[in-house]
Amino acid sequence: MSSGYSVFVGNLPYRATEDDLGHLFSQAGNVNNVRIIYDRETNRAKGFGFIEFSDEQSSQNAVNQLNGTEFQGRTLRVNLANQRQ
């Protein structure tokens, strides 16, 4: 079980770096980890990734503040990745 709270980020610009995303998402709270998903065969970004925060409120802030935000010319989709029900 992860100690953090993750958000899924879709529609990422292919040139975005993990540092770029970490900086953007730090507006919402304390970022523990940033992971952009890459294609194993081509090593190119797939256009989505995950941001892990240290607390649930920060992950919710990210969804509320950054979903629909324009970033490097693309409109980001941000959703909670590990919703507990």
Side-chain angles (χ1 to χ4, degrees):
M1 183 169 147
S2 174
S3 61
Y5 297 88
S6 295
V7 296
F8 167 85
V9 185
N11 203 35
L12 286 175
Y14 294 107
R15 68 182 182 275
T17 68
E18 290 177 347
D19 285 343
D20 292 339
L21 289 176
H23 182 73
L24 176 68
F25 279 82
S26 67
Q27 298 174 44
N30 186 32
V31 174
N32 284 351
N33 189 37
V34 178
R35 188 166 51 114
I36 295 174
I37 306 303
Y38 292 89
D39 184 284
R40 287 183 192 172
E41 293 180 16
T42 65
N43 206 33
R44 292 184 60 173
K46 288 188 162 192
F48 67 94
F50 297 90
I51 314 292
E52 184 180 292
F53 292 93
S54 59
D55 62 277
E56 187 173 12
Q57 185 60 54
S58 294
S59 63
Q60 191 62 58
N61 288 346
V63 173
N64 294 340
Q65 294 173 16
L66 298 170
N67 187 40
T69 297
E70 188 168 314
F71 178 66
Q72 296 182 1
R74 308 274 309 254
T75 302
L76 298 180
R77 288 193 332 267
V78 182
N79 301 98
L80 295 175
N82 56 351
Q83 293 179 328
R84 295 182 177 97
Q85 297 183 353

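Keep in mind that the numbers below use all heavy atoms, side chains included, and drop hydrogens, waters and symmetry copies. FYI, the numbering just counts along the sequence from 1.
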**OP:** Take Leu66 and Phe71 through the test side chain to side chain contact (heavy atoms under 4.5 Å, CB included) and record every step on the way to the result.
**Re:** CA-CA 9 Å; Leu66 298 170; Phe71 178 66; over 6 Å; no
**OP:** Give the C-alpha distance, both sets of side-chain angles, the deciding distance and a yes or no for side chain to side chain donor-acceptor pair (under 3.5 Å) between Arg77 and Asn11.
**Re:** CA-CA 6 Å; Arg77 288 193 332 267; Asn11 203 35; 5.1 Å; no
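Taking each heavy atom of Phe48 and Gly10 in turn, the nearest pair found is CB-CA, 4.1 Å. Closest non-hydrogen pair, Ala45 versus Ile36, comes out as CB-CG2, 4.0 Å. Summarising the geometry of Arg35 relative to Glu18, their closest heavy-atom pair is CA-OE2, 3.4 Å, with the distance given to 0.1 Å. Nearest heavy-atom pair across Gln65 and Ala28 is OE1-CA, 3.9 Å. Closest of all the heavy-atom pairs between Val31 and Ile51 is CG1-CG2, 3.9 Å. Closest non-hydrogen pair, Thr75 versus Gly68, comes out as CG2-O, 3.4 Å.
At least one side-chain heavy atom of Leu12 sits less than 4.5 Å from a side-chain heavy atom of Leu21. Here the side chains of Leu76 and Leu24 are in contact, with some heavy-atom distance below 4.5 Å.
When each of Ile37, Val34, Val9, Val7 is checked for a side chain to side chain contact (heavy atoms under 4.5 Å, CB included) with Phe50, only Ile37 meets the rule.
For the 3.5 Å distance criterion, the side chains of Asn61 and Ser58 fail to qualify, holding no donor opposite an acceptor.
Formation of a donor-acceptor pair under 3.5 Å by the Glu56 side chain with backbone atoms of Tyr5 is not found in this model. The backbone N or O of Gly47 lies less than 3.5 Å from no partner atom in the side chain of Arg74, so there is not a single donor-acceptor pair.
Between Phe53 and Phe25, the ring planes lie tilted relative to each other; the angle falls in the 30° to 60° range.
Distance check, rounded to the nearest 0.5 Å: OG of Ser59 to CG of Asn79 gives 11.5 Å.
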